[in-house]
Protein chains: 2
Amino acid sequence: MTAQRRAILKVIETASKHLDASQILRKARALDNSVDRSTVYRTLDLLKRQGLIDELDLMHLKGEGHYYERKLGRDHIHMACLRCGKITEFVSETFESLKTQLERDCRFHIVVSRLEVGGYCAGCRH
Amino acid sequence: MTAQRRAILKVIETASKHLDASQILRKARALDNSVDRSTVYRTLDLLKRQGLIDELDLMHLKGEGHYYERKLGRDHIHMACLRCGKITEFVSETFESLKTQLERDCRFHIVVSRLEVGGYCAGCRH
DNA sequence: CGCGTATTGCGACTCAGTCGCAACTAAGAT
DNA sequence: ATCTTAGTTGCGACTGAGTCGCAATACGCG
Ligand SMILES: [Mn+2]
Ligand SMILES: [Mn+2]
Ligand SMILES: [Zn+2]
Ligand SMILES: [Zn+2]
């Protein structure tokens, strides 16, 4: 456990929204200005492999990069509005059953799952 | 409708597996050797916007690129084995209900949805 | 045919992510 | 407290995916 990892971890833990790698770098540097871009990517890989964070595309609404968020108990679905860009999260019991069903029917042991939806939010539908 | 688009379209239509942009370029060139990389990307964007193809990450098992597949009537789930890399597809009625439920409960009009799962397949679980 | 608009190829570019390597550090052993 | 070493870091160079501006070309319509 290094100072750099502590900084990166704190940024992710206290984030109020989904952050991409360069945002994480910027915020981590505010805590420990020695943090390097490579270290951010290496730490992100580590946390991903440990199952502590999830990686998201958010429909690639802006650019090709990825977003990260702390993985808590229950998974959630991400909805991205194609018009206003708003990201909404939703916890669904049906989603949980779907995963259980998948594990049984396909004899597949799920480690990570990602349901992302693009469309139009209540304020933008037409 | 240009010769280049016809070639790219035919490649996607007759694909037996998920192809990335560079594979599509290579195969399209075999049909029409004038096809350029930019045209592949532009056509892919077009087909995405028309809702004719889906874009997939396949858990970024190999590299950062994206994969494409023709969108047919029913959506399906993609499962990627983290050990052997096998991709399995699965059609689920529960998935369909989940989307319907989402549209109702969140007042969100779904245009595109992507459920990708990473884990261990029957042959690789431990 | 001609014509105007949409599309293309090209080359240069951006941006996300990766890698090899030498310097450094955390943390366990003595 | 110091030694040791395996793991981690910063740096800089690199890759690979995807984008863009522009001049040349081709589609499709009258
Ligand atoms: Mn989230
Ligand atoms: Mn992606
Ligand atoms: Zn919206
Ligand atoms: Zn497998």
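All heavy atoms count here, side chains included; hydrogens, waters and symmetry mates do not. Here is how names work: the chains are called A, B, and so on, in the same order as the sequence lines, proteins then strands, and each is numbered from 1. Since we're looking at a predicted model, the values are computed, not measured.
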Whole-Å distance separating the CG atom of Leu44(B) from the C1' atom of dT8(C): 16 Å
In sequence, state the C-alpha distance, the side-chain angles, and the governing distance for Arg114(A) and Asp57(A), and then conclude on salt bridge (charged side-chain N to carboxylate O under 4.0 Å, His left out). CA-CA 9 Å; Arg114(A) 212 159 99 189; Asp57(A) 272 24; 2.8 Å; yes
In whole angstrom, what separates Lys62(A)'s NZ from dT14(C)'s C1'? 19 Å
Can you find a pair of side-chain heavy atoms, one from His66(B) and one from Lys48(B), that are under 4.5 Å apart? no
Distance-only donor-acceptor check, side chains Gln4(B) and Thr39(B), under 3.5 Å: no
Other residues, nucleotides and ligands only: do more than 12 of their heavy atoms fall within 6.0 Å of CZ on Arg104(A)? yes
Send over the distance from Leu47(B) CG to dT7(C) P, rounded to a whole Å. 12 Å
Would you check, one step at a time, whether the test side chain to side chain contact (heavy atoms under 4.5 Å, CB included) holds for Leu19(B) with Ile12(B)? CA-CA 8 Å; Leu19(B) 301 174; Ile12(B) 294 172; 5.7 Å; no
With sugar-phosphate taken as primed atoms, P, OP1 and OP2 and all else as base, the protein-contact string of nucleotides 16-26 of chain C at under 4.0 Å (heavy atoms; B, S, -) is SBBBB-----S
Whole angstroms only, please: what is the OH-C1' distance between Tyr67(B) and dG18(D)? 15 Å
Answer with yes or no whether the hydrophobic clustering places Leu56(A) together with Tyr68(A); edges join I, L, V, M, F, W, Y residues whose side-chain heavy atoms lie under 4.5 Å apart. no
What's the angle between the local helix axes at either end of the helix from dC1(C)-dG30(D) to dT30(C)-dA1(D), using five pairs per end and rounding to 10 degrees? 40°
Tell me whether the rings of His18(A) and His76(A) are parallel (<30°), tilted (30 to 60°) or perpendicular (>60°). tilted
Could you tell me how far apart Leu9(B) (CG) and dT7(C) (P) are, to the nearest whole angstrom? 14 Å
Which residues pass the ring-ring contact (aromatic ring centres under 6.0 Å, His included) test with Tyr67(A), sequence neighbours left out? none
Starting from P on dG18(D), measure out to NE2 on His60(A) and report it in whole angstrom. 8 Å
Find the distance Arg29(A):CZ to dG10(D):C1' and express it as a whole number of Å. 10 Å
Write down the distance between NZ (Lys48(B)) and P (dG18(D)), rounded to a whole number of angstrom. 8 Å
Heavy-atom closest contact (Ile87(A) atom, Ala80(A) atom, distance): CD1-CB, 3.7 Å
